[in-house]
Student: 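Quick one: structure below, then a few questions.
One-based numbering, in listed order, for ligands and for the atoms of each.
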Amino acid sequence: MVTTSAPHTDPAPAGTAGVLGRLIGEARGVRSRLVLAAFLGALASGCAVALMAASAWLIARAAQQPPVLYLLVAVTGVRAFGIGRGVFRYLERLVSHDAAFRVLGRLRERLMAQLARLAPAGLPVWRRGDLLARLVDDVQDTGDAFLRGLLPIAGAVLVGGGTVVLSFLILPAAGAALLVSLLVAGALAPALSARRTARTEREVVRLRGERSRLVGEMLDDAAELAVLGAFDDRLAELDELAERNRLVTARTARTAGIAAGLATLAMGAAVWLATVAGVPAVVQGDLAPVLLAVVVLTPLALIDVVQAVILAAGTLRRSAASADRVFGVLAARPVVPDGPTDPRPLPDPAAGVAVRVRDLAVRWPGSGRDAVSGLDLDLRPGRRIVLLGESGSGKSTVLAALLGFLPVRSGRFTVGPDGASGAGGTPVDQLDPETVRGLFGWCDHHAYLFDSTIVENVRLARPGATDEDVHAALRGAGAGDWVDGLPDGLHTRVGQHGLAVSGGQRQRLAIARALLADRPFLLADEPAASLDRPIADAVTATIMRPDPRRCVVLVSHRPQDVEFADEVLEMADGRVVRRYPGPRAD
Ligand SMILES: Nc1ncnc2c1ncn2[C@@H]1O[C@H](COP(=O)(O)OP(=O)(O)OP(=O)(O)O)[C@@H](O)[C@H]1O
């Protein structure tokens, strides 16, 4: 079976500033939307501050009992700011989410393309659950860097700066006091909390990946763990992770709480300082009494703004840790290099294609030795080759190499028209890897079935195929009678992971897929493994049925399978140790 595993360690985490810089780089094309969102956010917060200032002025002025006409503008202003706050916040949400989702959409597309480049040999460097956490939760958190991080901070700077200028114009001492308070509340408090929680935010994200990995493994292997009695150990491990997560989260929350308290105190100090500076100014006639209410009360409206900055600072650190994990996937180098920019054309498959392998050596990522070496192989239309050998002798690796899942370390691997000499073939590294892979059909005993119908599961191999084509492939795979006997026929659902079908039926669906794909080369990796002898014989006979257009390579543990072969290769320790013609050889 073609599976891979290699230890993976993420590179050292990048600093928050570096990751955020890269994230801003990712926002190409939506930057004007982000700037607009920052302005709309500032307008919404600005309306809240203006509402407080206008209300303060209105109350103070009303206390002087002027003709009501003098109050009308302020009354209208209070209404307008009250409405404006909601309207601008709504618009800000609309624009910022639109921008963030565009960035995330592009990021997800690139991640999917990267997974396709890495699969299959390069993917298992991440455990499944961890990779899933990176693709779902971490990408989501990455979007928060804009929505709950950068934008609230940009809005706070704009509205905080504007309020300081306003206060300064009314009473310079109050403006200066507000500036200092804002620096303490909006910069010093978040910076202090950042120092204390720099590692914990990263740890929260890492623990989430760990948890996801563990839960994934428990769900995948639930039956085996239950039988082995190992479920409780896993649950205990999960509990331990949850406890560590609780401790780390509590520490982060405590620090954020202290920072929020400090910020509130600083803003309270701004109110107090404005009062201390404002009252003598009123007594000396330097400040109108109604404006005293404005400079004293306005800082209160900024408390929400600075609290949002403190939350944003925490969000930015967590988002940066998440984005770093996402960028880690994007930065992974594929095991097999991308194809040439200007690939040579393939021979026309209809006219017959031949694959020629000479002295080929390949090795798995992370392994220090070649899994297969010195391999010679000739695949031509109509040939049936059986690979025999002990477990671990390298049979599946030969198929992985043919499928282009592993790079050629040494030797020759060429594709050319049938009948051409070796020199007539083109080396695979000069061809488009996808096109070369398109020459091969693949069928192994772990064929994955999606929770869908039989027809859709088989049609995966050729998306444009009609129901009749699928039915013909199923008949070819010896599953025609079984499918016809089902109440819903082709449209019967196979259940989650194909649990509603037996092992033999699953194999036949896998063969039907390979037949429907109708590729010139069919690679079958122990398709009859774990099947009863009569069913295994029937499945193998179906795959090895003579077809002058198709070449089949069968990996098998069953010596009796040589009866179908033109050529038999026996492998041991990654090398072909014996090669002889099969009974069907010309
Ligand atoms: N992902 C991998 N990473 C590292 N080494 C691997 C990997 N997959 C296979 N190998 C190694 O390659 C060698 C050949 O394994 P391979 O799976 O090709 O043997 P096989 O003959 O197909 O065995 P089986 O019959 O059990 O499937 C073994 O030493 C194995 O440990």
Student: Distance under 4.0 Å to a non-hydrogen atom of E390: what atoms of ligand 1 satisfy this?
Tutor: 21 (O)
Student: Is any side-chain heavy atom of R493 less than 4.5 Å from a side-chain heavy atom of D451?
Tutor: yes
Student: Using a 4.0 Å cut-off to any heavy atom of G392, which atoms of ligand 1 qualify?
Tutor: 13 (C), 14 (C), 19 (O), 20 (P), 21 (O), 23 (O), 24 (P), 26 (O), 28 (C)
Student: Would you mind running through ligand 1 and noting each atom that sits below 4.0 Å from a heavy atom of H557?
Tutor: 25 (O)
Student: Tell me, do R384 and P546 make a side-chain contact under 4.5 Å, heavy atoms counted?
Tutor: yes
Student: Please enumerate all residues that pass ring-ring contact (aromatic ring centres under 6.0 Å, His included) together with F327, with sequence neighbours excluded.
Tutor: none
Student: Only heavy atoms of S396, strictly under 4.0 Å: list the atoms of ligand 1 that pass.
Tutor: 17 (O), 18 (O), 20 (P), 22 (O), 27 (O)
Student: Ligand 1 and S367, any nitrogen or oxygen pair closer than 3.5 angstrom?
Tutor: no
Student: Is the closest side-chain heavy-atom distance between D484 and H471 below 4.5 Å?
Tutor: yes
Student: If you look at every heavy atom in A145 and L23, which pair is closest and at what distance?
Tutor: CB-CD2, 3.5 Å
Student: Is the shortest heavy-atom distance from the side chain of L399 to the side chain of D444 under 4.5 Å?
Tutor: no
Student: Does an N or O anywhere in G394 fall below 3.5 Å from an N or O of ligand 1?
Tutor: yes
Student: Please indicate whether any nitrogen or oxygen in R369 is less than 3.5 Å from any nitrogen or oxygen in ligand 1.
Tutor: no
Student: Provide the number and element of each atom of ligand 1 under 4.0 Å from a heavy atom of E526.
Tutor: 25 (O), 27 (O)
Student: Got a salt bridge between E456 and R459, using NZ or NE/NH1/NH2 to carboxylate O under 4.0 Å?
Tutor: yes
Student: What are the atoms of ligand 1, with element, lying closer than 4.0 Å to any heavy atom of T397?
Tutor: 12 (O), 14 (C), 15 (O), 16 (P), 18 (O)
